[in-house]
Amino acid sequence: MSAFSDPIALLDSAFRSATSAAFPEVGDTDPLITASKQAALGDFQANVAMSLSKRVGKPPREVAGAIVAKATSNPELAQIAEPFTDKSIAGPGFINIRLKGDALAALLTSIDTKSLGVPVPQVKETIAVDLCGVNLAKQMHVGHLRATIIGDALARVNERLGHNVVRQNHLGDWGLPIAMVTAKIAADAKAGKINLDTLKLDDLDRAYKAAQRECTADEDGLASVEKFNLGPKARAELEEQVNGAREKLAAAKLTLVKLQSHDPEIYAVWERIAKITVDECVAVCARLHAIVRAEDTAGESSYSNELGEVVDDLVKRGIAVESDGALVVHLDGPDDLNDHGQKINEPCIIRKSDGGFLYATTDLAGIRRRVRQFGASLLVYAVDARQSLHFQQVFAAARKAGYAKMQSGQNAILRHAGFGMVLGDDGRPFKTRSGENVKLTDLIDEAHERAGVEVNRRSAALPEAERNKIAEVVGVAAIKYADLCNDRMKDYVFSFDRMVAFEGNTGPYLLYAFARIQSILRKAQAEKSIDTGPNAPFRKAPLAIVQPQEKTLALAILRYPGALRSMADSCEPHRLCGFLYDLAGAFSSFYDACPVLNADNEATVLSRLRLCDLTGRVLHDGLTTLGLPTVERM
RNA sequence: GUGCCCGUAGCUCAGUUGGAUAGAGCAUCGGAUUUCUAAUCCGACGGUCGGAGGUUCGAAUCCUCCCGGGCACGCCA
């Protein structure tokens, strides 16, 4: 962030020099500046005295006193902070700092720009974000919700920080399961049972499940029947099932070979299935306000020509070796560590003993493409936490193979942004009553519908079309915020009942704060004849930070660039959520205590209007960065 | 068996590099609207931070062990 608008950076600098002036023998020391938890104590605090106490052999309060004495004579500090008093040093040796109102106003003024204080990056990086991860011929369901929402948010925050982001929807569109459904669809089409031109994803979804079932032989059941001699009828039924399944499986394997050799007939059917799937995926993502376009699709099939080459390369260089007929990359070298710096015991299998490739092979090719072809320096994978070991293996294997190496010679950073499961009220994975995966379209429909009830009740005066639009946005925001607002790694309980309360720490609360701000701006124009255009005078009006609620709001706004940085660095969207909730809360308190348009003098009206507008822009920018849509009124 | 994740208020969750009296929301109770949207605000109630040791001036946070829950562990993706 621009050091100019960041109070922590300013205080850090001032106290850093004060500390080294007071204790030259310890050299440059982090003054440990943090925001105070309790506003009564101060706005910020320096915790350096306690940690320094032992090193300089003096009691912490004495250390604090010496630092404060030096800081007092710093003119830059005197400009932004209230003078120290005998109460500034408190407890074991905390140095409490309070900012001057006019300093806050100056800081706010400097952040009140188009960029909202977010600096242009020194180096514009390319960042590849793996997200969404749908499968061919399957409806998007709750299992794709987090990969889509979290992945999109991580992509957005890096874009917001000025980087070049490549989204990669690693479509599961290759391999035996896909061949099974392709074989079935091709056979049904040939038999005239279905029409490829009018086929819907729902039809494919059913065919996929049916093909899975038909191809899975109950070998265990047959073995039991034989073992326990359960009678000729049971035996005959099972034999028929098993023989049928074996036949279907054989057909699927044949189809897989045809698919891999681009047999025109089979390939055309597959392409049709792929198009239906991707079109629907893109449509559902659009409803979710997640940016996943057709051109972001990078299916497993797109690597099919590279896998043999990758494996040959690894074998030739001795990185992959044979083991029980399969090819594996052993990860027992001193540099083959996981993210915890620990050894990885399990080798990474890149080719099965029957010659087939695995998803590790595809992911290796994916890393190679993302680093070499896209020039990515950071690869983020928004994928289920259960695949943690898999990614640790693939990452280590890629580094060992040199596939993560950039032109600079350094390795690109490989990060698995894993996430927990979506649970139902019963603490079990979220399913429909009949035990099916909940389709995302149904999920969005229900949120839309439930939000509609609230919107109709609360905003009956608005035109119906607008109410419907608001309900859709509120419903989607509720779903997305609920997913993003807590720690990624944890499972979370999905509850429409809690979401539709729309109270407290929810997406709609944030939307509401934004809508109130827009309402004030509309009223300023309509009822007070205040110009609110792009070049309106109020945008340059002097800011006066006087009331405690104004101060709390100002301090919150100033944290925005840091909150974005924190989310990007940690790949944790809930950090930005927490910031936005604080900001919306600070605004709501301000709104309650400080009249804007009805303030007692013109200068205050304009100052507060500017503060509202700035808050609104930060809220909107933050919500957009999370991928939450907004409404002008609700 | 090995590894990873998790355990904080009745419920759902935050808690930054180790900092002061562990914070929100929901629920419960009490208040606030002749003025900018009450999807709001203000207050009260509510805690052995899973347990036990250890490091530290200071531990929800770091280390060790234990308990409980979830997940993953070579030819599925």
Side-chain angles (χ1 to χ4, degrees), chain A residues 30 32 34-38 41 45 47 50-51 53-54 59-60 90-94 96 133 135 172 174-177 300 323-328 338-340 342 344-354 356 358-360 362-363 384-390 392-393 418 420-421 423 427 454-455 457-459 474 482 485-487 489-493 495 497-498 501-506 508-509 511-513 515-524 527-528 549 562 566 570 574-575 577-578 581-582 585 588-599 608-609 612 633-634:
Chain A
D30 186 346
L32 301 173
T34 62
S36 290
K37 276 188 187 165
Q38 297 168 63
L41 297 169
Q45 62 189 57
N47 297 337
M50 283 85 73
S51 66
S53 166
K54 186 162 278 182
F94 298 104
N96 287 318
N135 299 308
W174 209 241
L176 192 57
E300 291 172 338
S323 170
D324 295 333
L327 278 175
V328 306
N338 65 18
D339 291 347
H340 301 93
Q342 296 164 319
I344 302 166
N345 295 317
E346 297 82 358
C348 184
I349 305 181
I350 58 161
R351 197 179 70 191
K352 297 190 281 184
S353 50
D354 69 2
L358 298 103
Y359 71 143
T362 313
D363 279 333
D384 194 325
R386 286 175 294 187
Q387 297 200 29
S388 171
L389 175 60
H390 163 72
Q392 294 306 325
Q393 290 174 311
M421 284 182 297
L423 306 178
E454 292 299 310
V455 173
R457 187 166 65 80
R458 297 173 198 266
S459 311
V474 168
C485 77
N486 46 23
D487 186 350
M489 284 307 289
K490 294 204 214 175
D491 297 343
Y492 78 96
V493 176
S495 163
D497 290 336
R498 190 145 14 88
F502 297 144
E503 281 159 4
N505 191 359
T506 61
Y509 176 80
L511 263 46
Y512 183 63
R516 282 172 132 185
I517 292 170
Q518 301 317 301
S519 174
I520 290 178
L521 289 167
R522 279 192 304 270
K523 281 219 160 84
E527 293 174 14
K528 303 278 176 179
Q549 292 86 354
S566 170
S570 63
H574 82 283
R575 295 181 186 236
C577 291
Y581 180 63
D582 287 348
S588 293
S589 298
F590 160 81
Y591 181 91
D592 204 63
C594 305
V596 179
L597 302 177
N598 301 321
R608 288 183 178 166
L609 199 57
C612 284
R633 52 183 180 177
M634 62 187 277

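Numbers restart at 1 for each chain; the letters A, B, ... are given by sequence-line order, proteins then strands.
Proximity of A:Tyr509 to A:Phe502: side-chain heavy atoms (C-beta onward) are nowhere separated by under 4.5 Å. Between A:Gln45 and A:Thr34 the shortest side-chain heavy-atom distance falls below 4.5 Å. Residues A:Arg522 and A:Arg633 have side chains in contact (heavy-atom distance under 4.5 Å, counting atoms from C-beta outward). In this structure the side chain of A:Tyr512 never reaches within 4.5 angstrom of the side chain of A:Pro508, judged on heavy atoms.
Base contact: A:Ser323 has a heavy atom under 4.0 Å from a base atom. At a threshold of 4.0 angstrom between heavy atoms, the contacts of A:Arg575 with the nucleic acid are absent. Using a 4.0 Å heavy-atom distance criterion, A:Tyr359 is classed as a base contact. Here A:Asp487 lies in heavy-atom contact (under 4.0 Å) with sugar-phosphate atoms only. A:Ser588 comes within contact range of the sugar-phosphate backbone alone, with a heavy-atom separation under 4.0 Å but no base atom that close. As judged by a 4.0 angstrom heavy-atom cut-off over every strand, A:Ser353 is placed among the base-contacting residues. Within 4.0 Å of A:Ala326, counting heavy atoms only, lies at least one base atom of the nucleic acid. Among the heavy atoms of the strands lying under 4.0 Å from A:Ala515 is at least one base atom, whether or not backbone atoms are also near. Residue A:Asn96 is in base contact, counting any heavy-atom pair closer than 4.0 Å across all strands shown. Across all strands, A:Asp491 comes closer than 4.0 Å only to sugar-phosphate atoms, never to a base (heavy-atom distances). In this structure, A:His574 reaches the sugar-phosphate backbone alone: every heavy-atom distance under 4.0 Å involves primed, P, OP1 or OP2 atoms, never a base. Within the 4.0 angstrom heavy-atom criterion, no nucleotide atom of any strand lies near A:Ser495. Using a 4.0 Å heavy-atom cutoff across all strands shown, A:Val328 reaches at least one base atom of the nucleic acid. A:Ala90 comes within 4.0 angstrom of a base, heavy atoms only.
Distance CD1 (A:Ile344) to C1' (B:G3): 11 Å, rounded to an integer number of Å. Rounded to whole Å, the distance from CG on A:Asp384 to P on B:C5 is 15 Å. We find that CD1 of A:Ile349 is positioned 11 Å from P of B:C73, with the value rounded to whole Å. Between the CZ atom of A:Arg351 and the C1' atom of B:A77 there is a distance of 19 Å, given to the nearest Å. In this structure, CE of A:Met421 is placed 19 Å from P of B:C4, rounded to the nearest angstrom. Distance A:Arg457 CZ to B:U37 P: 18 Å, rounded to the nearest Å. Atom pair A:Asp592:CG and B:C36:P shows a separation of 11 Å (rounding to whole Å applied). The nearest whole Å value for the distance from the CG atom in A:Leu521 to the P atom in B:C36 is 16 Å.
No N or O donor and acceptor, one from the side chain of A:Gln38 and one from the base of B:A20, sit under 3.5 Å apart.
Side chain of A:Arg498, nearest nucleotide from B:C5, B:U12, B:U56: B:U12. Nearest nucleotide to the A:Val596 side chain, out of B:U56, B:C36, B:U17: B:C36. Of the listed nucleotides (B:U12, B:C36, B:G74), B:C36 has the atom at the smallest distance from the side chain of A:Ile520.
Taking CD of A:Gln518 as the start and CE of A:Met634 as the end, the distance is 12.5 Å to the nearest 0.5 Å. Atom SG in A:Cys577 sits 11.0 Å away from atom CG in A:Asp582 (nearest 0.5 Å). Here the straight-line distance linking atom OH of A:Tyr492 with atom CG of A:Leu423 works out to 9.5 Å at 0.5 Å rounding.
Annotation: B:C63 and B:U56 have their P atoms spaced 16 Å apart (nearest Å). Taking the P atom of each, B:A72 and B:U61 are spaced 29 Å apart, rounded to whole Å. The C1' atoms of B:A44 and B:A39 are separated by 23 Å, rounded to the nearest whole Å. Comparing B:G53 with B:G15, their P atoms are spaced 28 Å from each other, to the whole Å. B:A22 and B:U48: their C1' atoms are spaced 13 Å apart (whole Å). A gap of 8 Å separates the C1' atoms of B:G18 and B:G58, to the nearest Å. B:G23 and B:A9: their P atoms are spaced 14 Å apart (whole Å). Nucleotides B:C41 and B:A24 are separated by 12 Å at their P atoms, to the nearest Å.
With centroids closer than 5.5 Å and planes inclined by less than 30 degrees as the test, A:Phe94 and the base of B:A20 pass as a stacked pair.
Using the six-membered ring where Trp is involved, A:His390 and A:Tyr359 have ring planes that are parallel, under 30° apart on the 30 and 60° scheme.
Contact annotation: A:Arg516 reaches the phosphate of B:A38 (side-chain N/O to OP1 or OP2, under 4.0 Å). A:Lys37 has a side-chain polar atom (N or O) that falls below the 4.0 Å cut-off from OP1 or OP2 of B:A20. For A:Ser51 and B:G18, the shortest distance from a side-chain N or O to OP1 or OP2 is not below 4.0 Å. For the pair A:Gln393 and B:C73, the criterion of a side-chain N or O lying under 4.0 Å from OP1 or OP2 is not met. OP1 or OP2 of B:U35 has not a single side-chain nitrogen or oxygen of A:Lys523 nearer than 4.0 Å. Checking the phosphate oxygens (OP1, OP2) of B:A39, a side-chain nitrogen or oxygen of A:Arg458 falls inside 4.0 Å. One finds no side-chain N or O of A:Lys490 lying less than 4.0 angstrom from the OP1 or OP2 phosphate oxygen of B:G70. Taking side-chain N and O atoms only, A:His340 has a distance below 4.0 Å to OP1 or OP2 of B:C5. One finds a side-chain N or O of A:Ser519 lying less than 4.0 angstrom from the OP1 or OP2 phosphate oxygen of B:U37. Remark: A:Tyr591 is not in phosphate contact with B:U33, judged by side-chain N or O atoms under 4.0 Å from OP1 or OP2.
Judged by Watson-Crick or G-U wobble contacts below 3.5 Å, the nucleotide B:C65 has B:G51 as its partner. Figure legend. B:C41 is base-paired to B:G31; pairs are counted as Watson-Crick or G-U wobble with both atom distances under 3.5 Å.
Mapping A:Ala385 and A:Ser589 onto RNA chain B by nearest heavy atom places A:Ser589 closer to the 5' end of the strand. Projected onto RNA chain B by closest heavy-atom contact, A:Ser459 and A:Gly172 fall at different nucleotides, the more 5' of which corresponds to A:Ser459.
A donor-acceptor contact under 3.5 angstrom links the side chains of A:Arg575 and A:Ser570, judged on distance only.
Panel note: side chain A:Ser566, backbone A:Gly562; no donor-acceptor pair is recorded below 3.5 Å.
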